[in-house]
Amino acid sequence: MDNYLDGLNESQRKAAECIEGPMMVIAGAGSGKTRVLTYRIAHMVKLGVDPFNILALTFTNKAAREMNERIQKIVGDSDSRNLTMGTFHSVFARILRYNAERIGYPSNFTIYDTQDSKSVIKDIVKEFNLDDKAYKPGMVLGRISAAKNNLISAEAYATNEEILLEDKQSRRPELSRIYTAYVNRCQRAGAMDFDDLLFQTNVLLRDFPDVLQYYQHKFRYILVDEYQDTNYAQYLIVKKLAAAYENICVVGDDAQSIYSFRGANIQNILNFKKDYPDFKLFKLEQNYRSTKSIVEAANSVIARNKDQIKKEVWTENELGKPIVILRTLTDNEEGKVIANRIFDLKQTGEYTYKDFAILYRTNKQSRSFEEALRKLNMPYKIYGGLSFYQRKEIKDLLAYFRLTANPHDLEAFKRVINYPRRGIGKTTVENLIIASSSYNVTVWTILENMAQYPVNISAAAKAKLIDFVTMIKSFGAQLEQTPAYDLAHHIAKSSGILKELHSEKEKGPEEVERYQNVEELLSGIKAFAESIEEGEDQKTLSDFMLDVALLTDADQEKEEDKNKISLMTIHSSKGLEFPHVFLVGLEENLFPSQMSLNTRSELEEERRLFYVAVTRAEESCTISYAASRFAWGNLISSEPSRFISEINDDFIQHEHPYGEKVSSRSLSSKISEPTFQGGLNKRFSPAPKLRSLDSIKSGKTNSRVQEEHAALKVGYNVIHDRFGKGKVIEINGEGSDKKATIFFPKEGSKTILLRFAKLQILED
DNA sequence: CCAGTACTTAGGTTG
DNA sequence: TAAGTACTGG
């Protein structure tokens, strides 16, 4: 036997060697699951499985690429190239392109990003003359997205009494109509949104048995990583594809399920047992990543969750340093303190910048760390947030490319019809869109056949529109012949975008940056076009556009960014590891997020998120929180997160932000020296503070709020900011833990911690 | 049609 | 605070 399996321990090896039949690997944090997947695939290829028959679905494209590189080292280049690996979205986007016509889309369909989707919804709400406060684009899109992820089509939605009632009760009875209109508009524009990529794949596999059969046989071996974060639409795709051979391997960890807001469903793990009763179960419980302190600290917190599959994550690694807890006065100070700590560690010469990560709950928290790091001249990289592809200048140019590939793409059209300015105003565009609705054809069709579809626009506007159409058509004519970079550059130039950005070059650094960004996109296309492999055709711009909508910053990491401090949300840190992790902003209402406090399951997801964050750390994990932070221009005071007090005391150590230790170093001593600045008397029992955020904002006094909560009795009618009118059916707990169970006709009954509730007692 | 200004309102995570 | 929108005068 070759020695490539020698790098695995006993249980890893067993999992990697099992390649036939259904199997599930429950893999604790840091237990080497990527390793198992990698070696398992390599092993299959070594045993003679054709790589062409293997499908591996990963959570990010980066993970797929890295795995592919590692496999390549074992099995060689030509074999690894034939593997199908990637995210659900990118793999099935490609499959949909091949088969688009069968489900009523052009093969060059556009992929609408969230911004595009919201814009479509905004238009619909406006056209239907609906209250844009009740129908906020984000909320509507969320509802549509949830429906699609559960494979509920617009038609099914419109005839589902339960859903309709739900919408009616939340005073949004028009959601169904909006959903229908939204689907129609996307389809007419030849566009799919992110959720369509999964939804339409299901349609394709459901309605075309020959297609299903083809892919069932092609993907004879299927692997799914991060299975705990798949939603119903993804579950069903996998189930269908695996039905013929049942060579299906799923890998996951229920303790790291953090995407339920996106429809992810732990239920999928349970379904797996039902779908494949004779499946093999493997558990990887030995952690190789982190010190004992880190593993035990994380374990002690996650143990509080009720919903979980029992497992014992353990490690042979040394005890290591305790988790350090830091308290700072403000968010700005938090930034400085963390930056200083990193600076000091870096000074020891043992580490490089890439060994450090700052993890936060929300993207906006990055600001104070950026500032502090910049002052100390330390290089950092922010993941997520506003990505390169979301920048205005990039989206503008991409919109020209999109329109060239698919001129019916209305969102791209709206974006660039008057950028750079060519005197085509809002009214003209609005009239075109209205006409498009009444003729039931796309705006582009109208523009191509102005004689056939009269529109109420001025002659001047008409002439300009014709120029525009001519230009886009001339781009389109070159799409399939001209090399990608040449056409891209040509479009950037003749559309006027380059000139527009160049003419403002004098104005300041931001403008210069914009110009450079466009140049960077163009050189990215150049690199893409030059990356052709032997036997491949020349790459065109339309090849480039195929999956540009699915690219993220992490996929395009630049060489100079490789050795930098990483700043990212906990969500995007999933699957990564760092010697030193700084987990910041551990405050009630921020982490756990205020929005998660209403139900146990939401709170448990926050706790899993905390678990994910802590287990990213290899050597040290430092947790910080601020006593107050800026929000919307004013200072809001905050309390330490409950998660801090949930960590087993044996593995934590409170330190003064500027160095000296607050408590004795001994791990076993139950520390409680009250020497924090500003004096926090007790240790972190989530202090029974009744003065909530809201009472401060609304200017209510402490006692007033207390009175209101004390006065609340079973049977009272109340109004809640988010849930509306409700009736109190139960009260329990004391002080800060006082909770009320309230029945809201629109939302069902909820148990709410009074200290966070925004309740108003009704007079009667 | 456009650019500048006043006003409003933000609650979170992502492909 | 900051970003996005609505309004208004040129």
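Because the structure is a prediction, the values reported are computed rather than measured. Note on naming: letters A, B, ... go to the chains in the order of the sequence lines (proteins, then strands), and numbering restarts at 1 for each one.
Going from atom CZ of A/Arg607 over to atom P of B/dT13 covers 21 Å, rounded to whole Å. A/Glu606 places its CD atom 9 Å from the C1' atom of B/dT13, with the value rounded to the nearest Å. As a whole-Å value, the separation of A/Asn363 CG from B/dG15 C1' is 14 Å. Put simply, CD on A/Glu605 is 13 Å from P on B/dT13, counting in whole angstrom units. One atom, CD of A/Glu588, and another, C1' of B/dG11, lie 16 Å apart when rounded to the nearest Å. In this structure, the CZ atom of A/Arg367 is 11 Å from the P atom of C/dT1, given to the nearest Å.
With B/dT9, B/dG12, B/dT14 as the candidates, the nucleotide lying closest to the side chain of A/Lys133 is B/dT9. When distances run from any side-chain atom of A/Thr427 to the nucleotides B/dG11, B/dG15, B/dC1, the shortest one goes to B/dC1. Nearest nucleotide to the A/His89 side chain, out of C/dT5, B/dT13, B/dG15: B/dG15. Taking the side chain of A/Phe194 as heavy atoms from C-beta on, and the options B/dT14, B/dG15, B/dA3, the nearest nucleotide is B/dG15.
Contact annotation: A/Lys426 side-chain N/O to B/dC2 OP1/OP2 distance is not under 4.0 Å. Residue A/Lys136 places at least one side-chain N or O closer than 4.0 Å to OP1 or OP2 of B/dA10. The side chain of A/Lys122 contributes an N or O atom lying less than 4.0 Å from OP1 or OP2 of C/dT5. When the side-chain nitrogen and oxygen atoms of A/Thr87 are compared with OP1 and OP2 of B/dT14, none of them lie within a distance under 4.0 Å.
Remark: ring of A/Tyr259 not stacked against base of B/dT13; the cut-offs of centroid gap under 5.5 Å and plane tilt under 30° are not jointly satisfied.
Using modelled atom types, one finds a donor on one side chain and an acceptor on the other under 3.5 Å when comparing A/Ser572 with A/Thr569. Judged purely by distance below 3.5 Å, without hydrogens or angles, the side chains of A/Asp331 and A/Ser368 never pair a donor atom with an acceptor atom.
Place A/Ser593 and A/Gly423 on DNA chain B by their nearest nucleotides, and A/Gly423 ends up nearer the 5' end. Nucleotides of DNA chain B nearest to A/Thr569 and A/Gly425 differ in position, and the one nearer the 5' end is that of A/Gly425.
Between A/Arg367 and A/Glu371 a salt bridge is recorded (basic side-chain N to carboxylate O distance below 4.0 Å).
Within 3.5 Å, no donor on the side chain of A/Arg262 pairs with an acceptor on the base of B/dT13, nor the reverse.
For an aromatic pair to be called close, the ring centres must be under 6.0 Å apart, and A/Tyr182 with A/Tyr112 fails this.
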